[in-house]
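This structure is a prediction, so every number in the text was calculated from the model and none was measured.
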Amino acid sequence: MSAPAPVEVGGEYDVHIEDIAREGDGIARVEGFVIFVADTKVGDDARIQIDKVMRRFAIGHKV
């Protein structure tokens, strides 16, 4: 059984974009948990809000 995600839908987090996904979204991590963030690039520091939480990753947007 996997541990619960360290983020929740509607939650806001300050993140650093570490990588870019194949689809072009930025990749950030909160406690090692992957979050895809549209309209970001490697090196960005962003405040994000979580839109959707899946078992292995989450999707968020800049606020």
Side-chain angles (χ1 to χ4, degrees):
M1 176 116 185
S2 60
V7 297
E8 60 186 5
V9 170
E12 292 189 9
Y13 304 87
D14 291 309
V15 299
H16 179 75
I17 305 302
E18 303 172 4
D19 207 350
I20 295 292
R22 284 191 299 268
E23 298 79 18
D25 291 343
I27 297 175
R29 288 183 174 85
V30 171
E31 296 175 33
F33 192 76
V34 171
I35 304 166
F36 294 103
V37 186
D39 302 319
T40 57
K41 60 187 185 302
V42 172
D44 283 358
D45 289 306
R47 179 116 181 128
I48 64 166
Q49 185 171 34
I50 303 301
D51 298 318
K52 190 173 187 180
V53 178
M54 312 294 278
R55 188 180 338 213
R56 300 178 60 133
F57 65 91
I59 298 169
H61 66 276
K62 290 195 297 187
V63 293

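- Cluster annotation: I48 is not connected to I59 through the hydrophobic network of ILVMFWY side chains, with a link wherever side-chain heavy atoms come within less than 4.5 Å.
- Sorted by first and then second residue, the pairs that involve residues 31-63 and meet ring-ring contact (aromatic ring centres under 6.0 Å, His included), not counting sequence neighbours, are F36-F57.
- Side-chain contact check for D45 versus V15: every heavy-atom pair is 4.5 Å or farther apart.
- V30 and I17 fall within a single hydrophobic cluster, where Ile, Leu, Val, Met, Phe, Trp and Tyr are joined by side-chain heavy atoms under 4.5 Å apart, directly or via other members.
- Pairing each heavy atom of T40 with each of G26, the nearest pair is OG1-CA, 3.2 Å.
- In plain terms, the two heavy atoms of I50 and V7 that are nearest each other are CG1-CB, 4.0 Å.
- Hydrophobic clustering places V34 together with M54 (ILVMFWY residues linked when any side-chain heavy atoms are closer than 4.5 Å, directly or through intermediates).
- Residue V42 shares its hydrophobic cluster (ILVMFWY side chains chained together at separations under 4.5 Å) with I20.
- Under the salt bridge (charged side-chain N to carboxylate O under 4.0 Å, His left out) criterion, the residue pairs touching residues 20-39 are E18-R29, with sequence neighbours excluded.
- Here the closest non-hydrogen pair linking V63 and Q49 is CG1-CB, 3.5 Å.
- Looking at heavy atoms from C-beta onward, V37 lies in side-chain contact with K62 at the 4.5 angstrom threshold.
- Applying the salt bridge (charged side-chain N to carboxylate O under 4.0 Å, His left out) test to residues at least two apart or on different chains, the pairs with a partner in residues 3-14 are E12-R47, D14-R47.
- Every pair tested for ring-ring contact (aromatic ring centres under 6.0 Å, His included) that includes a residue from residues 6-29 fails, sequence neighbours excluded, so the list is empty.
- By the salt bridge (Lys or Arg N to Asp or Glu O under 4.0 Å) test, D51 is found to be paired with no residue, residues two or more places apart in sequence or in another chain being considered.
- Contact check for I35 versus I27: no side-chain heavy atoms found under the 4.5 Å cut-off.
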